[in-house]
Amino acid sequence: MGATIKHIDIKGVQIPVIFEEQKALPILNLQLVFQNSGYMQDKDKSGLATLSSKLLNEGTKELGATKFAEELEKNAISLTTSNGFETFVIELSNLKEESKKGIELLTSLVKSPNFTQDTLNKLKTLQTGSLKRKENDFDYISEKQLKSMLFKGTALENPASGTIESISKIELKDIESFINQTVCLENLIIVAGGDFDLKEFEKLITPFLETLNVGKKLELEKIELISKKEEKTLIKDTQQAYIYFGSSFNIDSKDEENYKAKVASFILGGSGFGSRLMEEIRVKRGLAYSAYGSIAINKSHSYFNGYLQTKNESAAEAQKLVSEITAEFVKNGVTLDELSAAKNFLTGSEPLRSETLSQRLNRAFTLYYRGLEPDYSKKELEKIQNLKLEDLNSYIKSHDEINNLTFSIVRK
């Protein structure tokens with residue numbers, strides 16, 4: 001049995017509920033997903049969403065972090081907050097018998113977060129320490145530099161974790177404002193499952209939902225990426241070169257042709273030792289420990305990106321190879337053997353991607369969020385299985401924007 005999509009009316013707002021009943025385990029798994037509310041909303045305060053989610057992991061003002069954590073542990077309840085670029089998520093999981101207590105603790109947390117200066121000071125110290133440690137994480141530096149080049153002037157230009165300077169400027173009122181704006185009914189999608197039927201779940205969750213403000217629906221800002229052939233090299237005292245690269249890939253998250261992008265991405269850089277990048281760069285020439293590339297498809301943006309590590313003296317050759325392999329891929333497409341291998345893997349491994357309740361719920365949410373039908377995954381597999389070589393190669397050729405590769409390199 002798969003997930004179903006219903007709506008609960010709270011204060012005149014229709015809240016979508018993506019729900020799957022599973023009797024096998026006596027549990028509740030609940031995610032409150034606030035859309036258009038991740039670090040895309042940081043504006044000029046880079047790191048604000050991340051710091052806000054960390055603060056919601058510090059318990060309530062009344063109990064504080066330690067006593068709140070003890071309450072959770074005593075009842076075997078997990079309650080955590082996290083954020084991505086487009087979403088801000090509060091997740092609750094517990095045994096069914098502790099569901100009432102779990103909802104009570106969730107309600108108290110949202111009603112009275114630990115908005116104290118001491119808590120913020122602690123979080124800022126920890127975040128600053130983490131950022132200082134990342135000054136020697138050359139993968140992080142190279143990836144951050146790539147995004148600042150590819151997405152210049154957009155919300156993706158700055159890292160989710162912020163910078164030492166931006167974190168120092170964030171005040172308690174900024175976090176209060178962010179959470180009040182974000183955690184509201186208008187932005188909410190509920191994703192839930194476990195040993196409940198839908199009526200039981202509605203009865204459990206409604207009192208909590210009634211404590212939330214209606215709020216204002218935040219809008220998703222589309223990010224149009226037009227990449228250029230450029231590179232930026234940062235000289236550091238490294239043992240190897242860290243090469244990150246990316247380019248435009250112009251598709252929409254609900255495009256019916258996206259299954260072709262999935263197959264193309266798998267063959268070019270996503271299939272491990274079978275991929276073009278790994279085969280040409282590591283296997284044939286021994287230039288890298290790993291070489292990876294994929295097409296990222298999000299509601300707000302899509303792009304091609306990848307990375308590799310190589311010896312400092314091999315960096316120029318490896319970079320040139322990435323451009324050559326990508327150009328060859330666009331010009332001549334894939335072979336019948338590559339397409340057959342991709343079909344076999346993607347269709348054969350499908351059961352592994354929907355084994356657990358959380359996997360099925362996450363997939364159902366992703367499809368709903370992107371505006372796709374609940375049975376899209378099944379249709380996508382059928383389309384992949386029936387995909388003809390000439391159709392895939394024609395599709396790849398139509399996306400020659402992928403050749404406008406931007407490179408970020410950190411080397412000695």
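Checked against ring pair (Phe, Tyr, Trp, His ring centres under 6.0 Å), Phe68 has no partners two or more places apart in sequence or in another chain. Partners of Glu143 according to the salt bridge (charged side-chain N to carboxylate O under 4.0 Å, His left out) rule, which considers only residues two or more places apart in sequence or in another chain, do not exist here. The ring pair (Phe, Tyr, Trp, His ring centres under 6.0 Å) search around Phe345 returns Phe266, not counting sequence neighbours. Under the salt bridge (charged side-chain N to carboxylate O under 4.0 Å, His left out) criterion, Asp400 pairs with no residue at all, not counting sequence neighbours. The salt bridge (charged side-chain N to carboxylate O under 4.0 Å, His left out) search around Glu200 returns Lys96, not counting sequence neighbours. Residues that satisfy the side-chain hydrogen bond (donor to acceptor under 3.5 Å, both in side chains) test with Lys260, not counting sequence neighbours, are Glu257. For Phe196, there are no ring pair (Phe, Tyr, Trp, His ring centres under 6.0 Å) partners two or more places apart in sequence or in a different chain. With sequence neighbours left out, Lys169 forms a salt bridge (charged side-chain N to carboxylate O under 4.0 Å, His left out) with Glu165. Partners of Phe249 under the ring pair (Phe, Tyr, Trp, His ring centres under 6.0 Å) rule, at least two apart in sequence or in another chain, are His399.
A salt bridge links Glu58 with Lys122: the closest approach of a Lys/Arg side-chain nitrogen to an acidic carboxylate oxygen falls below 4.0 angstrom. Of the charged side-chain nitrogens involved, at least one lies within less than 4.0 Å of a carboxylate oxygen, so that Glu171 and Lys173 count as a salt-bridged pair. The pair Lys23-Glu21 meets the salt-bridge criterion, with a side-chain N (NZ, NE, NH1 or NH2) lying under 4.0 Å from an Asp/Glu carboxylate O. Taking the charged nitrogens against the carboxylate oxygens, Glu256 and Lys383 do have a contact shorter than 4.0 Å, which makes a salt bridge. Using a 4.0 Å cut-off between charged side-chain N and carboxylate O, Lys11 and Glu210 make no salt bridge.
More than 12 heavy atoms of other shown residues, nucleotides or ligands fall within 6.0 angstrom of atom CD in Glu313. No more than 12 heavy atoms of other residues, nucleotides or ligands lie within 6.0 Å of NZ in Lys331, so this atom counts as exposed by the packing criterion. Heavy-atom contacts from other residues, nucleotides or ligands closer than 6.0 Å to CD1 of Ile226 number 12 or fewer. At most 12 heavy atoms of other shown residues, nucleotides or ligands fall within 6.0 angstrom of atom CD in Gln239. Atom NZ of Lys54 has 12 or fewer heavy atoms from other residues, nucleotides or ligands within 6.0 Å. Other residues, nucleotides and ligands contribute at most 12 non-hydrogen atoms within 6.0 Å of the CD atom of Glu221.
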Throw together a table of side-chain donor-acceptor distances under 3.5 angstrom for residues 25-37, partners on residues two or more places apart or in other chains.
| from | atom 1 | to | atom 2 | distance (Å) |
| --- | --- | --- | --- | --- |
| Gln31 | NE2 | Asn362 | OD1 | 3.2 |
| Asn36 | ND2 | Leu218 | O | 2.7 |
| Ser37 | OG | Phe34 | O | 3.4 |
| Ser37 | OG | Gln35 | O | 2.6 |

Would you give me the side-chain donor-acceptor pairs under 3.5 Å for residues 145-158, sequence neighbours excluded?
| from | atom 1 | to | atom 2 | distance (Å) |
| --- | --- | --- | --- | --- |
| Gln145 | NE2 | Lys232 | O | 3.1 |
| Gln145 | NE2 | Ser408 | OG | 2.8 |
| Ser148 | OG | Gln145 | O | 2.7 |
| Thr154 | OG1 | Phe151 | O | 2.8 |
| Thr154 | OG1 | Leu156 | N | 3.2 |
| Glu157 | OE1 | Gly153 | N | 2.9 |

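Remark: Leu346 CG to Leu387 CG distance equals 10.5 Å, nearest 0.5 Å.
Thr326 and Ser323 share no donor-acceptor pair across their side chains, judged by distance under 3.5 Å alone.
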Using the rule given for ring pair (Phe, Tyr, Trp, His ring centres under 6.0 Å), can you reason through Phe88 versus Phe178, listing the C-alpha separation, both sets of side-chain angles and the distance that settles it, and then say yes or no? CA-CA 11 Å; Phe88 190 87; Phe178 180 91; 5.6 Å; yes
Kindly determine whether Tyr369 and Glu86 satisfy side chain to side chain donor-acceptor pair (under 3.5 Å), including the steps that lead there. CA-CA 11 Å; Tyr369 180 68; Glu86 299 176 7; 2.7 Å; yes
Trace of the side-chain contact (heavy atoms from CB on, under 4.5 Å) decision for Ile189 with Thr87: CA-CA 10 Å; Ile189 300 172; Thr87 57; over 6 Å; no
Leu308/Leu277 under side-chain contact (heavy atoms from CB on, under 4.5 Å): CA gap, chis, key distance, verdict: CA-CA 9 Å; Leu308 60 91; Leu277 287 170; over 6 Å; no
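Scanning all heavy atoms of the two residues, the minimum distance from Leu361 to Gly193 falls at CD1-N, 3.8 Å.
For residues 244-253, every residue pair satisfying the side chain to side chain donor-acceptor pair (under 3.5 Å) rule, not counting sequence neighbours, is listed here: Asp139-Tyr244, Lys222-Asp252, Ser227-Ser248.
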